[in-house]
Number of protein chains: 2
Amino acid sequence: MNTEPLTSEAILDAAEAALRRFGPAKTSVVDVARALEVSHGSVYRHFPSKAALREAVTARWLERVSAPLEDVVTRPGPASRRLRDWVALLAATKQAIARDEPELFETFHQIATGSRDVAAAHVDHLADQAARIVADGIAAGEFTDGDPAVLGRAVLHATARFHHPALSREWGDPATTAADLDAVLTLILHGLTRPE
Amino acid sequence: MNTEPLTSEAILDAAEAALRRFGPAKTSVVDVARALEVSHGSVYRHFPSKAALREAVTARWLERVSAPLEDVVTRPGPASRRLRDWVALLAATKQAIARDEPELFETFHQIATGSRDVAAAHVDHLADQAARIVADGIAAGEFTDGDPAVLGRAVLHATARFHHPALSREWGDPATTAADLDAVLTLILHGLTRPE
DNA sequence: CGACTGACAGATATTGACATTTGTCAGCGG
DNA sequence: CCGCTGACAAATGTCAATATCTGTCAGTCG
């Protein structure tokens, strides 16, 4: 048969492919093992449970979501522009996946609501990225003073409607959604209160 | 038997009581009719379907949510204070119901996701209330210029995490949640950009 | 020896016969 | 007449028998 050794990476690839094809409800560990032409017992040598396997798939997938965002965080330019682009990219990415890969998106959402750890780590990661842009803006004198950690978290919360999976049903027409997000971003950047 | 005529209001009362007692999944039209000591056929003379009946219950219940908010909209005082209180009251009301009346809350959420009309009307109503406070603030020179309708909607969207039923799972500790909402409200009212 | 298998027990999901519910309507009674 | 009833068909829900799946582990193979 196959002389290649079975790796965790190969299992993750097969698991992701199976989740894409069958969806979270219809994907069994046996399905994944069958695709790799091994017994399902072998899969359990690499992952302690089905839940752990699905979490690993989700973690890897979330990493692929946040990696391109990192570029926006570290690139040069005004913080206000980068914060706008960062949120817009985050929202566009999540919305595109919800539209084009509903199976994987549902898996992610299920795990995010089920086991808190993976989701919480992702949220912390995003909040940190936002906080770093805010910190840059404060350092450059572009933004008003404040705790970057608190402000980054607030930016993420204020834009939750446009990137939180639980609200994917609200994402109707992309143009309207983009306009609504733009209004919220303008509100965050300018604020309501008139400067003295 | 009972000589009183059967009214839509009486049916709504009975339906709400039944939903509270049995929950949305276990409440049948027959249950509602039995409580009123009529046949279930009579209920269908007042509401064309079970879905319509549940929507009517939800609409009446949503009205009871937004009525107290109206007081905050029309009362005197600075717009910034009223906007803060309005959002805080909206969030606190939704969160209290999610905690204390999970049955009714689940019914509402189910209908909100299922049939768009009732939910959309409620969202429009709330956006309008926010817009009126914003309009007051602009008229008083307290807020910067802008379209109140757009800004009211943006305020509702930016605070969705704290009152949208789909995100009720995120409402963990009330103190932390209140602090997070406070950070978002401060962000909205002050904005990030430093005034020149 | 270490990676893998395959049989196994307990947990979970599927199926299909059965019961309840939704929604309609002809007709009863005030 | 008008509001209500109750019998009914179709849709939906329930439940127990059955099948599949998860997770374990003693044993096989290279």
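Reckoned from all heavy atoms, side chains included, excluding hydrogens, waters and symmetry mates.
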Which nucleotide sits closest to the side chain of [X]: [options]?
| X | options | result |
| --- | --- | --- |
| A:Ser39 | D:dT22, C:dT22, C:dT5 | C:dT5 |
| A:Leu6 | D:dC4, C:dT22, C:dC4 | C:dC4 |
| A:Lys50 | C:dG23, D:dG23, D:dC4 | D:dG23 |
| B:Ser28 | D:dT24, C:dT21, C:dA3 | C:dT21 |
| A:Arg45 | C:dA3, C:dG23, C:dA7 | C:dA3 |
| A:Val38 | C:dC4, C:dT22, C:dT5 | C:dT5 |

Margin query: Measuring to OP1 and OP2 of D:dC4, would you say a side-chain N or O of B:Ser42 lies under 4.0 angstrom away?
Written below: no
Check: Would one find a side-chain N or O of A:Lys26 under 4.0 angstrom from OP1 or OP2 of C:dT14?
Finding: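 For A:Lys26, the contact criterion (side-chain N or O under 4.0 Å from OP1 or OP2 of C:dT14) is met.
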To the nearest Å, give me how far apart [atom1] ([X]) and [atom2] ([N]) are.
| X | N | atom1 | atom2 | answer |
| --- | --- | --- | --- | --- |
| B:His46 | D:dT5 | NE2 | P | 11 Å |
| B:Leu36 | D:dT5 | CG | P | 10 Å |
| A:His40 | D:dC21 | NE2 | P | 10 Å |
| B:Glu37 | D:dC4 | CD | P | 14 Å |
| A:Phe47 | D:dT24 | CZ | P | 15 Å |
| B:Arg54 | C:dT22 | CZ | P | 10 Å |
| A:Ile11 | D:dT22 | CD1 | C1' | 15 Å |
| A:Asp31 | D:dT20 | CG | C1' | 11 Å |

Note to self: Less than 4.0 angstrom from a charged side-chain N to a carboxylate O is my criterion; do B:Asp136 and B:Arg132 meet it?
What the structure shows: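 No, no charged N to carboxylate O under 4.0 Å.
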Checklist line | Contact nearer the 5' end of DNA chain C, comparing B:Thr27 with A:Ala25 | finding: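 Looking at the nearest nucleotide for each, A:Ala25 comes out on the 5' side.
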Item checked: Close side-chain approach of A:Leu89 and A:Thr93, heavy atoms under 4.5 Å ->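 Heavy-atom side-chain distance check passes, below 4.5 Å.
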Next item on the list: Check whether any side-chain heavy atom of A:Phe162 lies under 4.5 Å from a side-chain heavy atom of A:Gln95, and answer yes or no.
Entry: yes
Next item on the list: Assign A:Val29 to base, sugar-phosphate, or nothing according to its heavy-atom contacts below 4.0 angstrom with the strands shown.
Entry: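 Sugar-phosphate, backbone atoms only, no base.
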Item checked: Residues in ring-ring contact (aromatic ring centres under 6.0 Å, His included) contact with A:Trp61, at least two apart in sequence or another chain -> A:Phe108
Note to self: Donor-acceptor check, side chain of B:Arg84 to backbone of B:Leu185, threshold 3.5 angstrom: yes or no?
What the structure shows: no
